[in-house]
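Below: the structure, in structure tokens.
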Amino acid sequence: MCRKYEVVQGQKGVPIKAWTCDVAFEQAAKQQLLNIAQLPFVYKWLAVMPDVHLGKGATIGSVVPTVDCVIPAAVGVDIGCGMIACKTSLTASDLPEHLGAIRSAIEQAVPHGRSARARKGRDKGAWGEIPHDVSCAWRTLAPVFDQLQEKHTVLRQTNNVNHLGTLGTGNHFIEVCLDEKDSVWFMLHSGSRGVGNRIGTHFIELAKKEMERWQIQLPDRDLAYLPEGSELFADYMQSVVWAQNYARINREVMMQRVIQAVQKVLHRTFEARVEAVNCHHNYVNREHHYGNDVWVTRKGAVSAKEGQLGIIPGSMGAKSFIVRGKGNPESFHSCSHGAGRVMSRTQAKKVVSLAEHLAATQGVECRKDEAVIDETPAAYKPIDKVMAAQSDLIEVVYTLKQIVCVKG
DNA sequence: ATGTAC
């Protein structure tokens, strides 16, 4: 048994508390965290989750509490990226033996992959009609977006409504899972798509320009920050909160599509939201910690307040977990957002064979081709170790195993 | 992660 967290202390700056017992913690990620720890406005310490790995600017799997400042690159470009999961009244015996039809129905119901709704047959570039459910959902987002666009004209060139209800690519996925009592769950991972990306990129650039204007030296240019009280800070907060809402609603729209698609295939209705969780893991939030209101940026980390439910997905062949927060103040009420990568996408494609991928995804109705090897289970840390390393942050409520996986 | 340029 080891200590609950490892403390890394640089020459300058706040300590780093890392819940990395028995899991990989690359030197490069450590160095990146030491850079962040040097910033004078970091509150108390950095909390590092067991799925930690190197990111751009800020480290994936880190919790950065700040006073009077935010770092747009710490939130990143996939603003509001996160997970939604629903427990249904179905059990394994309600599903057909062959799951191909369910997978196809989901693939048809939710646009996924590049360009999503834009590409219909050979009509590349021509946007399809906006479906009714999407236009309804957009209505709650439109007013603030109109305001944002007026001032930040780069946002006019985004796909905004056209991407709402679409999954995206990379590690964004949809799964049908069974829990330990054979209840059927739907779970999906997605974010704020093109428009959130544009907002993130835009404000990261603006923050860098501000640093140059004020001649502020940073350990890493990507750590450019915006000070509270400035107009840019206010604009960023309005934009980032909007993108976080977009992402949450995006997941909600897709979940509803998945439910309807499966009901259609099974020719029956069922209760689809026996329990439901919808949580961000790339976001900034105003929170109260140790007696002060601070900004908490979670980049690849999930809120784990006492009693709060969260989702920690494993890779496409591994288990996932519905967890309940223990409200550990030292982690600023946080837990990991997944298993965390152990190798880059390019490395995975080089190192992992198709045979290995087939073995690792046995029994899962999913893609088995070369193009998906960057997402193969071997590219990720073993989820059981990651879970063990954060046993003082969360408890497991449900253990899920996927039977269908749709990758973007 | 994404859209776009190469």
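Naming: A, B, ... by sequence-line order, numbering from 1 per chain.
Remark: Thr201(A) is not in phosphate contact with dT2(B), judged by side-chain N or O atoms under 4.0 Å from OP1 or OP2. Put simply, Arg345(A) has a side-chain N or O that comes within less than 4.0 Å of OP1 or OP2 on dA1(B).
Rounded to an integer number of Å, the gap from Asn250(A) CG to dT2(B) P is 10 Å. Regarding Asn197(A), its CG atom lies at a distance of 10 Å from the P atom of dA1(B), rounded to whole Å. Look at CZ on Phe173(A): it is 15 Å from C1' on dA1(B), rounded to the nearest Å. Atom OH in Tyr246(A) sits about 11 Å away from atom P in dT2(B), given to the nearest Å. Protein atom NE2 of His172(A) is 5 Å distant from nucleotide atom P of dT2(B), rounded to whole Å. When rounded to the nearest whole Å, the span between CG of Asn159(A) and C1' of dA1(B) equals 14 Å. To the nearest angstrom, P of dA1(B) lies 7 Å from NE2 of His189(A). To the nearest angstrom, C1' of dT4(B) lies 15 Å from CZ of Arg193(A).
Within the structure, every pair that satisfies the salt bridge (Lys or Arg N to Asp or Glu O under 4.0 Å) test and touches residues 34-61 of chain A, not counting sequence neighbours, is listed here: Lys56(A)-Asp222(A).
A salt bridge does not link Lys401(A) with Glu180(A): none of the charged nitrogens is closer than 4.0 Å to a carboxylate oxygen.
Every residue meeting the side-chain contact (heavy atoms from CB on, under 4.5 Å) condition with Lys12(A), not counting sequence neighbours, appears here in chain and number order: Gln38(A).
Relative ring orientation between Trp242(A) and Trp138(A) is described as perpendicular, the plane-to-plane angle rising above 60° on a 0-90° scale split at 30° and 60°.
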